Each structure stands twice: as structure tokens, then as C-alpha cells.
Visitor: 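Okay, here's the structure, questions in a sec.
Every value quoted in this text rests on a predicted model; they were computed, and no experiment measured them.
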Amino acid sequence: MKTKQRNKPLMLAEFVAVMLCFLFVFDWISKTAYRQSTQTIQTALEQIIVDTYAREGRYPPSLDSMIKEHGFTYDADTYMIVYDIFADNIRPRVQVTERSRP
């Protein structure tokens, strides 16, 4: 009987250790997925910008025009996009940032 009682705290400690490892791995995977999503959005925007310039000889005038004319979509609650254009013939600056999570 004493042997079984000694194993219960050890089993509980092992269970807690495994759960903590699982939580750390899950958090790491989640952060990695968000970084990759940010890069995917950035790459898609860059491709639209290059394609538009190649076809029309000018860069897209705004983020809204890329959404309407090219079907670009993103989660505005999760990501913030800065599309800074100076002139039609100067490549715009695009920056995708993840909004802070609550």
C-alpha cells in the first residue's frame, strides 16, 4: 500500500511536467505561425505591387485599391498594414505588423 502512495506524487509531478512542456511547445508553434502569416501577407502585397507596375506602369494607389481590384484579403483585427506611397512611379513602402493580442 505504501508503494502506491509514493508513486502518486511522482506521477502527478510527471503529469505537470509534461503539461508544462506541451504548453511551451504550443505557445512556440503559435508564435511561429503568426510570424509566417505576417511574412505571407507581406509577400502577397509585394507580388501585387510588382504585377500592377508591370501591367499598368504605375504602382497601386492605395491598399483599398489592392483589396478591390486584386481580391487581396487579410484580417484587419490581427494585422496592421502601412502602405506608404509617394508617387505613381516610385515603389511604395509596405509594412505588415501584427497587432498586439489581448
Side-chain angles (χ1 to χ4, degrees):
M1 191 73 147
K2 290 182 180 180
T3 307
K4 289 183 181 178
Q5 287 179 350
R6 283 188 211 157
N7 287 339
K8 284 184 182 179
L10 181 61
M11 288 174 41
L12 181 61
E14 289 173 349
F15 177 75
V16 169
V18 167
M19 290 307 294
L20 285 174
C21 288
F22 175 75
L23 290 174
F24 284 123
V25 168
F26 183 77
D27 184 55
W28 177 78
I29 290 171
S30 175
K31 288 178 182 176
T32 302
Y34 274 108
R35 280 193 300 269
Q36 288 177 346
S37 296
T38 302
Q39 184 59 41
T40 300
I41 293 170
Q42 180 84 28
T43 302
L45 287 170
E46 295 291 341
Q47 188 64 46
I48 292 170
I49 290 168
V50 169
D51 288 347
T52 303
Y53 190 78
R55 281 185 286 111
E56 300 174 15
R58 65 174 181 84
Y59 292 107
S62 67
L63 180 60
D64 288 335
S65 71
M66 287 189 276
I67 291 170
K68 291 176 186 170
E69 296 170 15
H70 299 279
F72 175 74
T73 60
Y74 72 103
D75 184 2
D77 294 334
T78 305
Y79 302 99
M80 179 177 66
I81 298 175
V82 175
Y83 185 72
D84 188 23
I85 188 162
F86 179 71
D88 285 349
N89 60 347
I90 298 176
R91 186 178 178 93
R93 184 179 65 90
V94 179
Q95 183 177 5
V96 179
T97 309
E98 181 187 354
R99 295 182 189 271
S100 60
R101 290 182 268 171

Visitor: Taking only residues two or more places apart in sequence, or in another chain, which ones meet Asp77 in a side-chain hydrogen bond (donor to acceptor under 3.5 Å, both in side chains)?
Guide: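 Residues passing side-chain hydrogen bond (donor to acceptor under 3.5 Å, both in side chains) with Asp77: none at all.
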Visitor: Tell me every residue that passes salt bridge (charged side-chain N to carboxylate O under 4.0 Å, His left out) with Glu14, counting only those two or more places apart in sequence or in another chain.
Guide: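 None.
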Visitor: Just to verify, what does Gln47 make a side-chain hydrogen bond (donor to acceptor under 3.5 Å, both in side chains) with, not counting sequence neighbours?
Guide: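 Partners of Gln47 by the side-chain hydrogen bond (donor to acceptor under 3.5 Å, both in side chains) criterion, ordered by chain and then number, come out as Asp51.
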Visitor: Mind checking who shares a hydrophobic cluster with Val18, ILVMFWY linked at side-chain heavy-atom distances under 4.5 Å?
Guide: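 None, because no other hydrophobic side chain comes under 4.5 Å of this residue.
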Visitor: Heavy atoms, side chains only, cut-off 4.5 Å: are Arg91 and Val50 in contact?
Guide: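 The answer is yes; the side chains approach within 4.5 Å.
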Visitor: Verify, without hydrogens or angle tests, whether Gln95 (side chain) and Ile81 (backbone) share a donor-acceptor contact under 3.5 angstrom.
Guide: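 Answer holds: no.
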Visitor: Can you tell if the side chain of Leu63 reaches within under 4.5 Å of the side chain of Leu45, non-hydrogen atoms only?
Guide: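 Of all side-chain heavy-atom pairs linking Leu45 with Leu63, at least one is under 4.5 Å.
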Visitor: Does some side-chain heavy atom of His70 sit less than 4.5 Å from a side-chain heavy atom of Thr52?
Guide: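 Of all side-chain heavy-atom pairs linking His70 with Thr52, at least one is under 4.5 Å.
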Visitor: Does the side chain of Tyr74 come within less than 4.5 Å of Ile67's, by heavy atoms?
Guide: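 Ile67 reaches Tyr74 side chain to side chain.
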Visitor: Say you draw a straight line from CZ of Arg99 to CG of Asp75; how long is it, rounded to the nearest 0.5 Å?
Guide: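 Separation between the atoms: 9.0 Å.
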Visitor: Going from OG1 on Thr43 to CD1 on Ile48, what distance comes out if it is rounded to the nearest 0.5 angstrom?
Guide: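 Thr43 atom OG1 to Ile48 atom CD1 measures 11.0 Å (nearest 0.5 Å).
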Visitor: Provide the full list of side chain to side chain donor-acceptor pair (under 3.5 Å) pairs with a residue in residues 55-68, sequence neighbours left out, each pair given once.
Guide: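 Checked against side chain to side chain donor-acceptor pair (under 3.5 Å) - neighbours excluded - the pairs reaching residues 55-68 are Glu56-Arg58.
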Visitor: Would you check if Ile49 and Met66 make a side-chain contact, meaning some heavy-atom pair closer than 4.5 Å?
Guide: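 A side-chain contact under 4.5 Å exists here.
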Visitor: Other hydrophobic cluster members with Met19, side-chain heavy atoms of Ile/Leu/Val/Met/Phe/Trp/Tyr under 4.5 Å, chained?
Guide: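 Answer for Met19: Phe15.
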Visitor: Under the 3.5 angstrom rule, does the side chain of Tyr83 hit a backbone N or O of Pro60 as a donor-acceptor pair?
Guide: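 Yes: the side chain of Tyr83 pairs with the backbone of Pro60.
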